[in-house]
Protein chains: 2
Amino acid sequence: MDRRPGGPQAQGGAAFLLAQLGSHAARLFADRIAGLDLTPPQAGLLRMLAASPGRSQRELADDLGMPPSRFVPFADELEGRGLIERRKNPNDRRSHALHLTEKGAGLLAELREVGMAHERDICAALSFDEHRELVAMLRRVAEQQGLTPGVHPGYRSG
Amino acid sequence: MDRRPGGPQAQGGAAFLLAQLGSHAARLFADRIAGLDLTPPQAGLLRMLAASPGRSQRELADDLGMPPSRFVPFADELEGRGLIERRKNPNDRRSHALHLTEKGAGLLAELREVGMAHERDICAALSFDEHRELVAMLRRVAEQQGLTPGVHPGYRSG
DNA sequence: TATTGTTATACTCTATAACTATA
DNA sequence: TATAGTTATAGAGTATAACAATA
């Protein structure tokens with residue numbers, strides 16, 4: 001029986017473990033990609049641009065959970081580093097269509113390798129089958145909670 | 001086969017899902033306990049004081065991942081609300097021994113109920129057995145990653 | 001001389017809201 | 001008149017470091 005004060009659910013329940021492990025995993029990931037001079041939101045944008053190129057800044061800002069005004073200097077830096085580019089939209093000249101550059105695509109490839117190493121480290125305690133089961137359960141929970149696959153605005157800093 | 005750009009691990013791996021679900025669960029929990037006028041770090045301190053009363057501010061600040069200077073106004077507010085109290089330590093008069101008041105213990109009881117409702121909501125997609133399996137796996141992962149049970153400094157804001 | 005708690009300051013981060021150009 | 005992007009400003013939140021009391 002769990003006698004830790006605060007109640008078993010509070011400290012040992014799935015919700016708490018998810019929050020604890022999630023913040024741990026996010027911090028570790030941030031440390032890893034710092035070696036590529038990227039922050040988690042920056043990595044997120046690169047992935048989003050690879051998945052669906054040509055979207056407007058406003059849409060992307062919404063997905064990243066940041067106000068449009070904050071997105072501007074955020075995109076400025078990546079553009080200055082030659083990783084993304086703003087293309088003029090001929091149909092609506094107010095909006096910019098954002099795209100990954102070749103250099104950006106190259107960095108994204110490195111990012112994927114880092115991501116796989118990260119996955120291995122986080123799940124080191126699990127067997128191959130257990131890992132598969134865990135992913136399947138987490139996916140169901142995420143879906144039931146209405147979370148969009150592949151994007152989360154929980155990123156912090158950057 | 002998973003063809004989403006960014007790679008299957010990046011967006012669908014366990015590490016990503018943990019981060020996504022963890023931040024989701026943490027945000028939802030923060031919303032819930034806002035009804036008790038508590039932030040996640042405040043709730044964390046109440047639980048810590050119930051688990052091990054009489055510790056010094058420095059120790060508690062370390063566990064919460066905040067500098068001692070920030071802990072001062074943080075504890076001030078809870079003391080002002082009559083939820084915790086600073087007792088003089090007769091052995092070392094530099095340090096304060098922090099304790100939960102009766103009122104603080106009462107609020108902690110409410111907090112537990114909120115925590116259980118939170119747990120049910122987050123795991124609504126899982127059967128009883130699946131829930132048990134998930135918790136067991138997450139505990140193993142957390143232990144292998146060297147995380148301290150019951151405490152995590154990933155809290156934000158408050 | 002080192003450590004606990006505290007205070008003060010300076011800085012980063014962020015959102016709000018004003019502004020422009022297109023529609 | 002409404003919207004995309006941008007800029008400016010003001011506010012919150014935070015850490016760093018100086019300080020006082022005690023060891």
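Side chains included, hydrogens not; waters and symmetry mates left out as well; all remaining heavy atoms used. So that the names make sense, note that chain A is the first sequence line, chain B the second, and so on, each numbered from 1. Treat the numbers as computed from the prediction; the structure is a model and nothing was measured.
- The CD atom of A:Gln57 sits 8 Å away from the C1' atom of D:dA4 (whole-angstrom rounding).
- Contacts with DNA chain C (heavy atom under 4.0 Å) in residues 78-93 of chain B: B:Arg86, listed by number.
- Whole-Å rounding puts the A:Leu64 CG to C:dT14 P distance at 13 Å.
- The CG atom of A:Leu18 sits 10.0 Å away from atom CG of B:Leu17, with the distance rounded to the nearest 0.5 Å.
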Could you pull out the protein-nucleic contacts involving nucleotides 18-21 of chain C (nitrogen or oxygen on both sides, under 3.5 Å)?
none

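- Using a 4.5 Å cut-off on side-chain heavy atoms (C-beta onward), B:Asp63 and B:Thr148 make no contact.
- Ion pairing of A:Glu85 with A:Arg87 is present here, as a side-chain N (NZ or NE/NH1/NH2) and a carboxylate O approach within less than 4.0 Å.
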What are the atom names and distances for every N/O pair under 3.5 Å that joins the protein to nucleotides 7-11 of chain D?
none

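- Expressed to the nearest 0.5 Å, how far OG of A:Ser127 lies from CG of A:Leu134 amounts to 10.5 Å.
- For A:Ser56 (side chain) and A:His96 (main-chain N/O), no donor-acceptor pair under 3.5 Å exists by modelled atom type.
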Which pairs of donor and acceptor atoms, one on a side chain in residues 29-38 of chain B, lie under 3.5 Å apart (sequence neighbours left out)?
from, atom 1, to, atom 2, distance (Å)
B:Arg32, NH2, B:Asp121, OD2, 2.2

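- Open room surrounds CD on B:Glu143; 12 or fewer heavy atoms of other groups in view lie less than 6.0 Å from it.
- For the atom pair CZ (A:Arg55) and NE2 (A:His99), the distance works out to 12.0 Å, reported to the nearest 0.5 Å.
- Annotation: side-chain hydrogen bond (donor to acceptor under 3.5 Å, both in side chains) contacts of B:Arg94 (sequence neighbours excluded): B:Asp92.
- The interatomic distance linking B:Met66 (CE) with D:dT16 (P) rounds to 14 Å, in whole Å.
- When all heavy atoms are compared, the tightest approach of B:Leu108 to B:Ala50 is CD2-CB, 3.3 Å.
- For B:Phe74 and D:dA15, the CZ to P distance is 13 Å, given to the nearest whole Å.
- Here C:dT7 presents its P atom at 14 Å from CZ of B:Phe71, a figure rounded to the nearest Å.
- Every residue meeting the side-chain hydrogen bond (donor to acceptor under 3.5 Å, both in side chains) condition with B:Glu79, not counting sequence neighbours, appears here in chain and number order: B:Arg86.
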